[in-house]
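Indexing begins at 1, ligand by ligand and atom by atom, following the structure's order.
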Amino acid sequence: MIDKPILFNMTNTELEQFVVSIGQPKFRAKQISEWLSRGAPDFSVMKNLPEILRNDLDKVARTMPCTIIKKLESTDNQTTKFLLEMLDGEQIESVLMRTSYGNSVCVSSQAGCAMGCKFCASTLLGLKRNLSINEMFAQVLVAQWELRGDKDKKNIKPNGDPKNSDVSHIVVMGTGEPLQNTENLIGFLERANNDLGIGWRRITVSTCGIVPGIKELNAWGYPINLAISLHAPNDELRSKLMPVNNKYKISDVLDASFEFVTKNNRQLMIEYILLAGTNDSIENAEELSKLLTSKNCMVNLIPWNTVDEREFISPSGNAVHRFQDILIKNGIHTRIRRERGQDIGSACGQLRLNNKKD
Ligand code: SAH
């Protein structure tokens, strides 16, 4: 239940009005806002506010639009998964990945998912609702706070963090279909760019291929990276795996996507999950090559991550390399995605409300 105002959701003016309304001088708004922009989970950490004020604030307001229910660390020491609860009780997941090129956050765009892809865990319980701009942005700030480390969190000043403890990349590849929530997605990306300075080229949005949504992104016009979850080289097979293909055919999805990346001078990312015996044959690789020949794209091969409720089989390492070799022989730029956090259920397609499993 939303019982108290959420300061994170307020504009600077609203925050000022709020602090004045509780009898505080205006400058407190600036102090609080600095902490909020660092992802402070509650008022107790705001050490440059008097203790009495921190306690009072705690009684009348909330910082974030979500609380961390659980935090799981992968044994790779680089991946942290957060289970977050929104104020209406919906739970979502986000993942922080520390990489050699920076710190990336995998953001969920919806609670649940309506798309029904046959291989994915995120859609098993259906769609609950779209996430708001603030709820998406909060996922980035939760990761931002985490990055500063426990020692740093006790530090009094919210400023002056070393650059390498900032979130530098955003991938909208968590639960949900971002282009079914395009308006909030765009608002979120603009806020991440504006407030955190995350460059457009460090942002990637992955879609199962909602053509009108891709066109909307095109009309919006900022040069983010686009990833298409293709997963099959022809409509017949794709429709079996992904119900969305009954509505938007491969050729229409690719036309809209290449239009987007050409305009923005980017390379299209094609995601292709390998499902043993389903879409990983030599013929599939040849057919995919034909589809993508001389197109400005990069294929990201994703060996399927096991989902208990789904009856697919993960491909062997040999099958993955065989598929990649054929694409490369045909001149298609191809990489195998390095999976992170499989042990904590945060690898691709594993994000879900897993309270049953715990
Ligand atoms: N709805 C968007 C955003 C989700 S992105 C989309 O479809 O692109 C999540 C990525 O992980 C997608 O490419 C998705 O197809 C893939 N994925 C889903 N289930 C998976 C699984 N079990 N193993 C590996 N990848 C999976």
Exercise for review: Would you mind reporting whether Phe137 and Pro65 have side-chain heavy atoms less than 4.5 Å apart?
Suggested key: no
Using a strict threshold of under 4.0 Å (side-chain N to carboxylate O), is an ion pair present between [Y] and [X]?
| X | Y | value |
| --- | --- | --- |
| Asp325 | Arg322 | no |
| Glu311 | Lys118 | no |
| Lys290 | Glu286 | no |

Check your understanding: Should Glu177 be listed as contacting ligand 1, given a heavy-atom distance under 4.0 Å as the test?
Key -> yes
Practice item. May I ask which of His231, Met173, Lys118, Glu271 has a heavy atom nearer to atom 14 (C) of ligand 1 than the others do? Key: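 Minimum heavy-atom distance to atom 14 (C) of ligand 1 goes to His231.
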So if I count the atoms of ligand 1 from 1 in the order they appear, which ones are less than 4.0 Å from some heavy atom of [X]?
| X | result |
| --- | --- |
| Gly176 | 1 (N), 2 (C), 3 (C), 4 (C) |
| Ile302 | 24 (C), 25 (N) |
| Asn305 | 21 (C), 22 (N), 23 (N), 24 (C) |
| Cys208 | 6 (C), 7 (O), 8 (O) |
| Cys120 | 18 (C), 19 (N) |
| Val307 | 22 (N) |
| Gly174 | 4 (C) |

Practice item. May I ask you to identify, for Thr207, whether its side chain, its backbone, both or neither come under 4.0 Å of ligand 1 on a heavy-atom basis? Key: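 For Thr207, the contact with ligand 1 is made by the backbone alone.
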Check your understanding: Does one side chain, of Asn318 or Ser316, offer a donor that lies under 3.5 Å from an acceptor on the other?
Key -> no
Review point. Does the side chain of Asp42 come under 3.5 Å of the side chain of Ser44 through a donor N or O and an acceptor N or O?
Key: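 Checked: Asp42/Ser44 side chains pair up, N/O donor to acceptor below 3.5 Å.
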**Study point:** Residues that Ala227 engages under side-chain contact (heavy atoms from CB on, under 4.5 Å), provided they are two or more places apart
**Key:** Met173, Thr204, Ser206, Met269, Glu271
Practice item. May I ask you to check if ligand 1 and Arg337 share an N or O to N or O distance below 3.5 Å? Key: no
Review point. Is the backbone N or O of Cys120 less than 3.5 Å from a side-chain atom of Arg310, with the two atoms forming a donor-acceptor pair by type?
Key: yes
